[in-house]
Undergrad: 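The structure that follows is given in the form of structure tokens.
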2 protein chains.
Amino acid sequence: MARIQNNKNETRKEFITSAAARLFREKGFSATGMRDLAGEVGVEAASLYNHIRSKAELLQEICFRTANQFSAQLNELELDNSQTSLQKVEAILRHHIQWWVAKPDDMLVTNNESKYLQEPYLSTFMNERRLYVRRIEAIMEDGIRKGQLSGIQPYSAVLTLLSMVRGIEFWHRTKKNISAEALEENMVKHFIDGLRQR
Amino acid sequence: MARIQNNKNETRKEFITSAAARLFREKGFSATGMRDLAGEVGVEAASLYNHIRSKAELLQEICFRTANQFSAQLNELELDNSQTSLQKVEAILRHHIQWWVAKPDDMLVTNNESKYLQEPYLSTFMNERRLYVRRIEAIMEDGIRKGQLSGIQPYSAVLTLLSMVRGIEFWHRTKKNISAEALEENMVKHFIDGLRQR
DNA sequence: GTCTATATAAGGATAGAC
DNA sequence: GTCTATCCTTATATAGAC
């Protein structure tokens, strides 16, 4: 499984994109000015345009690079015959938790600011999200057919899975109470116990 | 003050506030213009200022009226000796689900746009939210002491409870697949099964 | 690649007529 | 209470010097 890590050989554009993710998360896309971003980067606003085409382009890159990462995990899982459906669902949940822990800026922007994408990117993004939900539903439906899990409707369970991890946003502000590992184990156990066949 | 009433016995200000919640939800607080809001209400932008003091004031009213509603439920639950801790947690979860189903505009604005509150309202709001989390944790801790629930750390469980219901935002766009009642029962069962003592 | 200067548009909010 | 007109600030993005 891929590890999450920071790229220390960032290009100038990647540095700007990371700063943008941080600002879009904190202030929101609309309320973030190019002057704010320039200040973070350490240049004047006009200089940013030697590296990027527009503010909108920054949002596109953050949202799609994040979304594509999750699609890529599903691509692998769907081809893996060594895991049960329940194990696959757990792997998806752990993947989401780990990304929320490691990349809260990217996750918050992708979740909360993607609505500011311009067409045709907005439609593409929303279609990909719907497809992503359906693919997870299909994994759960397969598990129900095989008797590996039960007690829940797949659509409801997917909504729960994708949403419950958003609370990690608040955990980031008060990390001292519980470690990332303990948080992950608690959430996985809680979710899976509500899904397991008994 | 003149009380211009419309269909639902709303004051003019309440009508404006509802329109603001809808727009803040769809476009975000920062990207919503007073001219947008005026168009929704059916007047020119300048006319809004006979009913409200500022755009910021509208956000304050939406966020605090929503947050106070949830605090009020806890006030009652804490005084209720007829319910177990597990029943109280279930009541809290059902309350959140029902509000997400019935008032998605208010819930989304309170969750996603409250960061645009100005001081001192922002600090007040965040302090109230922290207190709300702690009060639910306390109910869970009481349940653990009494052996009514187990298997999870209260902080992690509260994060899960408050976050998992946010998926209802997406359910609103595709209601046909599952009824509000079925959604509620699925989510309650899923969450409670992961919490119950066995 | 970065700067200063600026074009052009839109933002929240107010003044004063009616 | 609502309107028209407008103030003042800020926004994204570009032009052209260095």
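It should be emphasised that the depicted structure is a prediction, and the values quoted were computed from it without experimental measurement. First the proteins, then the strands, lettered A, B, ... as listed; each starts at 1. Values below: every heavy atom of this structure, side chains too, minus hydrogens, waters and symmetry copies.
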Undergrad: Report which part of the nucleic acid A:Thr32 touches: base, sugar-phosphate, or nothing (heavy-atom distance under 4.0 Å, all strands).
TA: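 Contact class for A:Thr32: sugar-phosphate only.
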Undergrad: Where the side chain of B:Ala46 is concerned, which of D:dT12, C:dA15, C:dA5 is the nearest nucleotide?
TA: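 The nucleotide sitting nearest to the side chain is C:dA15.
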Undergrad: Round to a whole Å and report the spacing from NE2 of A:His51 to C1' of C:dC3.
TA: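 The distance from NE2 of A:His51 to C1' of C:dC3 comes to 13 Å, rounded to the nearest Å.
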Undergrad: Quickly work out the B:Ile16 CD1 to C:dA13 P distance and round it to whole Å.
TA: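 Rounded to whole Å, this separation is 13 Å.
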Undergrad: A:Lys55 has an atom NZ; how far is it from atom C1' of D:dA11, in whole Å?
TA: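 It works out to 8 Å between those atoms.
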Undergrad: Count I, L, V, M, F, W, Y as connected when their side-chain heavy atoms are under 4.5 Å apart, and connections chain through other members. Are A:Leu23 and A:Leu108 then in the same cluster?
TA: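 No, it is not one cluster - the side chains of A:Leu23 and A:Leu108 are not joined through contacts under 4.5 Å.
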Undergrad: Regarding A:Asn127 and A:Arg130, is there a side-chain donor-to-acceptor distance under 3.5 Å anywhere?
TA: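 Indeed, the side chains of A:Asn127 and A:Arg130 share at least one donor-acceptor pair under 3.5 Å.
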Undergrad: For A:Met34 and C:dT6, give me the distance from atom CE to atom C1', rounded to whole Å.
TA: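 After rounding, the reported distance stands at 17 Å.
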Undergrad: Over how many whole Å does the gap from A:Lys27 atom NZ to D:dT10 atom C1' extend?
TA: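 Going from A:Lys27 (NZ) to D:dT10 (C1'), I get 12 Å.
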Undergrad: Measure CD/B:Gln118 against C1'/C:dG12 and give the value in whole Å, please.
TA: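 Going from B:Gln118 (CD) to C:dG12 (C1'), I get 11 Å.
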Undergrad: Counting only side-chain heavy atoms from C-beta out, which of D:dT4, C:dC3, C:dA13 sits nearest to B:Tyr49?
TA: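 Shortest atom-to-atom distance from the side chain points to C:dA13.
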Undergrad: Is a side-chain N or O of B:Lys55 found less than 3.5 angstrom from the main chain of B:Phe29, in a donor-acceptor match?
TA: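 Yes, B:Lys55 side chain to B:Phe29 backbone: donor-acceptor pair under 3.5 Å.
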Undergrad: Closer than 3.5 angstrom, by distance alone: can the side chain of B:Tyr155 be matched with the main-chain N or O of B:Arg134 as a donor-acceptor pair?
TA: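 Pair absent, no side-chain N/O of B:Tyr155 close to backbone of B:Arg134.
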Undergrad: Does B:Ser47 place a side-chain N or O at less than 4.0 Å from the phosphate oxygens OP1/OP2 of D:dG1?
TA: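 No, B:Ser47 has no side-chain N/O under 4.0 Å of OP1/OP2 on D:dG1.
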Undergrad: Roughly, in whole Å, what's the span from CG in B:Leu37 to P in C:dG12?
TA: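 Spelled out: CG on B:Leu37 to P on C:dG12 is 9 Å.
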Undergrad: Can you measure B:Glu44 atom CD to D:dT6 atom P for me and round it to whole angstrom units?
TA: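 Those two atoms, CD and P, are 15 Å apart.
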Undergrad: Name the nucleic acid region contacted by B:Arg35, choosing base, sugar-phosphate or nothing; use a 4.0 angstrom heavy-atom cut-off, strictly under.
TA: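 Since a base atom lies under 4.0 Å of B:Arg35, the category is base.
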